[in-house]
Structures are given as C-alpha cells and as structure tokens.
Trainee: 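Sharing a structure below in structure tokens format, with a few things to ask.
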There are 2 protein chains.
Amino acid sequence: MVTITDRRMELLTAAGTLFSRWGYHGTTVRDLAKELDVQGGSLYAHIAAKEDLLWEIVDRVAARFQEGADAIGESLGPRERLEALMTAHLETVAAELHFATVFFNEWQCLSEKRRARIAQRRDEYEAMFRRTIDQGVRQGIFKVESPKFAAIYVLSVLNWSYQWFKPTASLPIEGVAKQFVALTLRALGAQAKNT
Amino acid sequence: MVTITDRRMELLTAAGTLFSRWGYHGTTVRDLAKELDVQGGSLYAHIAAKEDLLWEIVDRVAARFQEGADAIGESLGPRERLEALMTAHLETVAAELHFATVFFNEWQCLSEKRRARIAQRRDEYEAMFRRTIDQGVRQGIFKVESPKFAAIYVLSVLNWSYQWFKPTASLPIEGVAKQFVALTLRALGAQAKNT
DNA sequence: CCTACCGATCGGTAGG
DNA sequence: CCTACCGATCGGTAGG
C-alpha cells in the first residue's frame with residue numbers, strides 16, 4: 001500500500017493532464033514542475049523518476065477497470081452482466097478521463113517489465129468480456145457469427161470512448177452508456193429490454 | 001504535387017514503423033537514420049524538419065480515407081453506402097497499418113496550423129457517416145434513438161481497428177470487415193441482407 | 001523546495 | 001551522404 005500525499009496527487013493530476021495532451025515523451029519534467037509552480041529539480045523530492053508517474057497513472061486506471069468489473073459479481077446472466085460491464089467501463093473512462101487517455105495512449109512508453117504487466121492485466125480484463133459473450137451465445141441469448149470478433153467489437157466501442165468524451169460536455173454519461181449498451185445488445189442479436 | 005523519391009519513401013516507411021511503436025516524440029532523428037543506415041545529419045538532405053515526416057504521414061492517411069469514401073459515389077442507398085464506407089475505412093487501416101496508427105495516435109503532435117487542417121478534414125469525413133445514418137433513419141432503414149451517437153458508435157468500431165489489426169495475422173481483412181459490418185447493421189436496427 | 005550543476009542527447013546546420 | 005559541430009534542452013543529482 002502506497003501512501004499518496006496531497007502534493008503527490010497534485011503531481012499525478014498534472015501528469016495526467018499534460019501526458020494526455022502532449023504525450024509522455026512530449027512532456028518534460030520542467031513542464032510538470034511549472035504546473036505545480038516549483039523548480040524542475042524539486043519534483044524529485046516526490047518521485048524517483050519520470051516514468052514512475054506514468055506507471056502510477058496506468059496502474060491506477062488498470063485497477064479501476066478491474067474494480068469496476070469485480071463489483072459486478074457473478075450472479076447476473078450474460079445480457080445483464082455485459083450491460084453492467086459496459087456501463088462500468090464507460091463510467092471509469094468518464095471519471096478518469098485524463099488518466100484513461102494516458103492509459104490507452106501511453107502505456108507503450110513504459111519499461112518492458114511494466115508494459116508486460118499491463119498487457120497481461122488487460123488480457124485478463126478483456127477475457128471477461130469474451131467469456132460473457134461466449135456464455136450468452138451458448139445460452140442462445142446472443143447470436144453472433146464469431147464470439148471472438150464480437151468481443152473485439154464491443155471493446156472497440158468502449159475503448160474509443162476517451163477520444164470523444166468531453167469533460168465539459170453537459171450530456172450525462174449515463175445517457176451515453178445506455179444508448180451504447182442498447183446498440184451493442186442489438187448488434188449481438190439480443191433484444192434490448194425496453195424496446 | 002510532390003514527387004516522392006524512393007529514398008524518401010523508405011524514410012517515410014521507417015518513420016511509420018518507428019512513430020507507430022515509440023511515438024513521434026519517442027523517436028529521434030538518429031533512430032530514423034539508423035533504419036536507413038546513414039548518419040543522423042544526412043536525413044536533412046531529404047527533409048527540412050522532423051515534423052515534416054509526421055505531417056506527410058498524417059496527410060497521406062487523411063487523403064486515403066477521403067479517396068476511399070469518394071470512390072463510393074452517391075448512388076447507393078443508406079445501408080449499402082454505410083457498408084461501403086465501413087469496408088473502405090477498414091481496408092485503408094489494414095493497408096496502411098503503421099501510417100494509420102501514427103495518424104490516430106500522433107496527429108496531436110503536429111503544429112497548430114497542421115493540426116487544425118487535419119481536424120477539419122476529419123470532421124468532414126465523419127460528417128459523411130453522420131449524414132448517411134441520418135438519411136437511413138429518415139427512410140426508415142435504420143432505427144436508432146440518436147443518429148449522432150449512432151455515428152460516434154460506428155466510428156468507434158472503425159477507429160479502434162488499428163489497435164488490434166496484426167500485419168502478420170492470417171485472417172483476411174475482408175472477413176473481419178464483413179462481420180463488423182453485419183454487427184453494426186444490426187446495431188442500427190437494419191436487417192443484414194444475408195441473415 | 002531551491003540553486004546550481006551534471007553528462008547525455010536532442011533537432012538541425014555548415015562545408016565539403 | 002559524411003564529418004564535425006551548434007545551442008538548447010533533456011532527466012536527474014548534490015548540497016543546502
């Protein structure tokens with residue numbers, strides 16, 4: 001368990017903002033320092049290396065995705081479970097928009113070892129979607145030619161969301177999620193409940 | 001009309017490969033030179049600035065997308081037209097995988113002016129999808145709650161494709177396109193032709 | 001958290 | 001296309 005001080009959280013937030021806009025390599029340690037109104041070298045009172053900031057962000061988002069999925073549990077049927085998985089995913093992206101952007105765009109900048117860890121967690125996470133779809137197909141709830149491509153299809157819709165979610169947008173995330181879920185259920189050949 | 005010499009095309013290809021993997025800022029001019037087995041400074045016999053390479057790649061992909069859409073023409077009905085738009089888009093991504101990756105991931109690294117030009121072309125391109133969906137809804141071919149979100153939904157599926165297309169994969173792109181098109185038509189409430 | 005500094009490397013150029 | 005170099009800036013550190 002790592003204790004995160006207020007100042008360190010400010011630093012993470014600044015890193016999320018700048019990394020999401022300029023990229024990891026396009027942001028300098030001095031850029032980050034300026035956001036906090038301190039001198040460049042002063043950041044190293046809080047971190048050991050620039051890459052640690054990227055890792056902390058990516059790790060945090062990976063954990064949030066996992067927690068969102070874990071909270072759903074195993075009691076739901078395939079359709080309700082997929083609905084919940086999609087909604088949780090979109091809510092995490094919306095709640096952590098900058099961090100999520102960094103997660104998807106910059107994770108490849110991590111060191112070999114850290115990159116491998118993220119890749120594995122992502123595989124496991126995506127496998128949950130795949131299993132849910134497989135199960136739905138076996139139960140005759142979903143009707144698709146290839147569950148594998150159907151899973152990629154669903155994850156595409158979810159993973160692209162950070163590209164167009166606007167922090168300022170007045171549109172409530174719940175509304176977006178509902179529509180995307182409804183479209184996806186139809187795509188998978190399931191009838192949406194309230195249609 | 002810019003004449004592209006063989007050597008310059010090699011340079012563009014190298015830039016596509018390295019930018020897509022390490023990002024624009026994560027790739028140095030020396031990295032590019034090493035790919036061509038020349039000294040760092042020698043690249044400047046071919047280019048005026050590093051950013052020109054990024055611009056050429058992004059511009060090229062934007063043109064390909066536009067050409068693919070223009071070739072479809074206006075004679076098709078909304079469903080067939082959307083099918084053709086989606087297929088053309090996926091084929092362009094597959095044919096220009098590295099360049100397309102750079103297009104989607106690194107275009108924000110461009111200078112203000114160039115970025116604005118790309119943003120506008122992209123808006124126009126996406127508006128074509130939106131119009132096609134609108135038209136389909138008006139004709140009763142598509143049934144969606146919000147044509148606007150439906151368009152974002154469709155573009156999400158298309159734009160994420162560079163993330164999982166594998167150059168080595170034996171799976172033919174046509175098969176993938178067909179399945180994605182079929183899933184999307186169902187999502188929009190249209191019956192796929194051969195189902 | 002600051003001052004002052006480190007070696008390394010960056011994109012780019014001059015002259016051949 | 002090479003050699004040799006430019007000023008600027010990079011991530012990071014020492015000592016306070």
Side-chain angles (χ1 to χ4, degrees), chain A residues 2-59 102 105-115, chain B residues 2-59 102 105-115:
Chain A
V2 180
T3 306
I4 297 189
T5 61
D6 286 0
R7 199 61 174 155
R8 196 187 173 90
M9 194 58 219
E10 286 182 59
L11 182 49
L12 270 185
T13 303
T17 306
L18 295 186
F19 289 175
S20 67
R21 173 60 187 86
W22 304 106
Y24 174 69
H25 285 121
T27 305
T28 71
V29 170
R30 263 74 183 173
D31 294 333
L32 291 167
K34 193 183 285 181
E35 284 281 301
L36 298 199
D37 276 315
V38 298
Q39 296 300 312
S42 303
L43 288 192
Y44 290 88
H46 301 284
I47 58 168
K50 182 190 176 190
E51 203 216 289
D52 292 351
L53 288 171
L54 178 59
W55 168 250
E56 233 166 290
I57 290 172
V58 170
D59 182 55
V102 174
N105 271 343
E106 309 297 329
W107 72 283
Q108 294 218 74
C109 296
L110 288 169
S111 69
E112 175 80 46
K113 268 190 188 170
R114 287 170 160 174
R115 208 176 338 118
Chain B
V2 180
T3 305
I4 297 188
T5 62
D6 286 359
R7 199 62 175 154
R8 196 187 173 90
M9 193 58 219
E10 287 183 60
L11 182 48
L12 271 184
T13 304
T17 306
L18 296 185
F19 289 176
S20 67
R21 174 59 187 87
W22 304 106
Y24 174 69
H25 285 121
T27 304
T28 71
V29 170
R30 264 74 183 172
D31 293 334
L32 291 167
K34 193 182 286 179
E35 284 280 301
L36 298 200
D37 276 316
V38 296
Q39 294 301 312
S42 303
L43 288 193
Y44 290 88
H46 302 284
I47 57 169
K50 182 190 177 190
E51 202 217 289
D52 291 351
L53 288 172
L54 178 59
W55 168 249
E56 234 166 288
I57 290 172
V58 170
D59 183 55
V102 175
N105 271 343
E106 308 298 328
W107 72 283
Q108 294 219 77
C109 296
L110 287 168
S111 68
E112 176 80 47
K113 270 189 187 171
R114 287 170 160 174
R115 208 176 337 118

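Lettering follows sequence order; numbering is per chain, from 1.
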Trainee: Looking at side-chain heavy atoms only, is the closest gap between H25(B) and Y24(A) below 4.5 Å?
Mentor: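 Heavy-atom side-chain distance check fails, nothing below 4.5 Å.
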Trainee: Does G40(A) reach a base, just sugar-phosphate, or nothing at all? Heavy atoms under 4.0 Å.
Mentor: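 Nothing, no heavy atom under 4.0 Å.
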Trainee: If you define the side chain from C-beta out and look only at heavy atoms, does anything of D52(B) sit under 4.5 Å from H46(B)?
Mentor: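 SC-SC contact between D52(B) and H46(B) ruled out.
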Trainee: Please give, in whole Å, the distance from dC1(D) C1' to L36(B) CG?
Mentor: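 Distance check: L36(B) CG to dC1(D) C1' gives 12 Å.
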Trainee: As a test of reading the structure: which of dG11(C), dC2(C), dC2(D) is closest to the side chain of S42(B), going by heavy atoms?
Mentor: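 Output: dC2(D).
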Trainee: Rounded to the nearest angstrom, tell me the gap between atom CD in E51(A) and atom P in dC10(D).
Mentor: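 E51(A) atom CD is separated from dC10(D) atom P by 18 Å.
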Trainee: Give the rounded distance in Å between these two atoms: CG of L18(A) and P of dC10(D).
Mentor: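 These atoms are roughly 13 Å apart.
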Trainee: Under 4.0 Å: is that the gap between some side-chain N or O of Y44(A) and OP1 or OP2 of dG12(D)?
Mentor: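 Result: yes.
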Trainee: Does dG12(D) have OP1 or OP2 sitting under 4.0 Å from an N or O in the side chain of R30(A)?
Mentor: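 Result: no.
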Trainee: Please tell me which of the listed nucleotides, dC2(C), dC1(D), dT3(D), lies nearest to the side chain of Q39(A)?
Mentor: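 In terms of side-chain proximity for Q39(A), the closest of dC2(C), dC1(D), dT3(D) is dC2(C).
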Trainee: Rounded to whole Å, how long is the line connecting atom CH2 of W55(B) with atom P of dG11(C)?
Mentor: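 Taking CH2 of W55(B) and P of dG11(C), I get 21 Å after rounding.
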Trainee: Answer whether the closest heavy-atom distance between the side chains of R7(B) and L36(B) falls below 4.5 Å.
Mentor: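 Yes, close enough: below the 4.5 Å cut-off.
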Trainee: Which one, dG11(D), dC1(C), dG11(C), comes nearest to the side chain of T28(B)?
Mentor: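 Shortest atom-to-atom distance from the side chain points to dG11(C).
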Trainee: If the cut-off is 4.0 Å, is H46(B) near the phosphate of dC1(D), judged by side-chain N/O to OP1 or OP2?
Mentor: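 For dC1(D), OP1/OP2 do have a side-chain N/O of H46(B) under 4.0 Å.
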Trainee: From CG of L53(A) over to C1' of dG11(D), roughly how many Å is that when rounded to an integer?
Mentor: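 Whole-Å distance recorded here is 12 Å.
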Trainee: Rounded to the Å, how far apart are H25(A) NE2 and dT9(C) C1'?
Mentor: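 The distance from NE2 of H25(A) to C1' of dT9(C) comes to 13 Å, rounded to the nearest Å.
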Trainee: Please tell me if the side chains of Y44(A) and V29(A) come closer than 4.5 Å, counting only heavy atoms from C-beta onward.
Mentor: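 Result yes, sub-4.5 Å side-chain heavy-atom pair found.
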Trainee: Between L32(B) and F19(B), is any pair of side-chain heavy atoms under 4.5 Å apart?
Mentor: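 Heavy-atom side-chain distance check passes, below 4.5 Å.
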Trainee: Where the side chain of V29(A) is defined as all heavy atoms beyond and including C-beta, which of dC1(D), dG11(D), dG11(C) is the nearest nucleotide?
Mentor: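 That would be dG11(D).
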Trainee: Measure the distance from CD1 on I47(B) to P on dG12(C) and round it to the nearest whole Å.
Mentor: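 Rounded to the whole Å, the gap is 7 Å.
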Trainee: Using purine N1 to pyrimidine N3 plus N6-O4 or O6-N4 for Watson-Crick, or N1-O2 and O6-N3 for G-U wobble, each under 3.5 Å, what pairs with dG12(D)?
Mentor: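 Across any shown strand, dG12(D) pairs with dC5(C).
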Trainee: Measure OH/Y24(B) against P/dG11(C) and give the value in whole Å, please.
Mentor: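 Between P of dG11(C) and OH of Y24(B): 8 Å.
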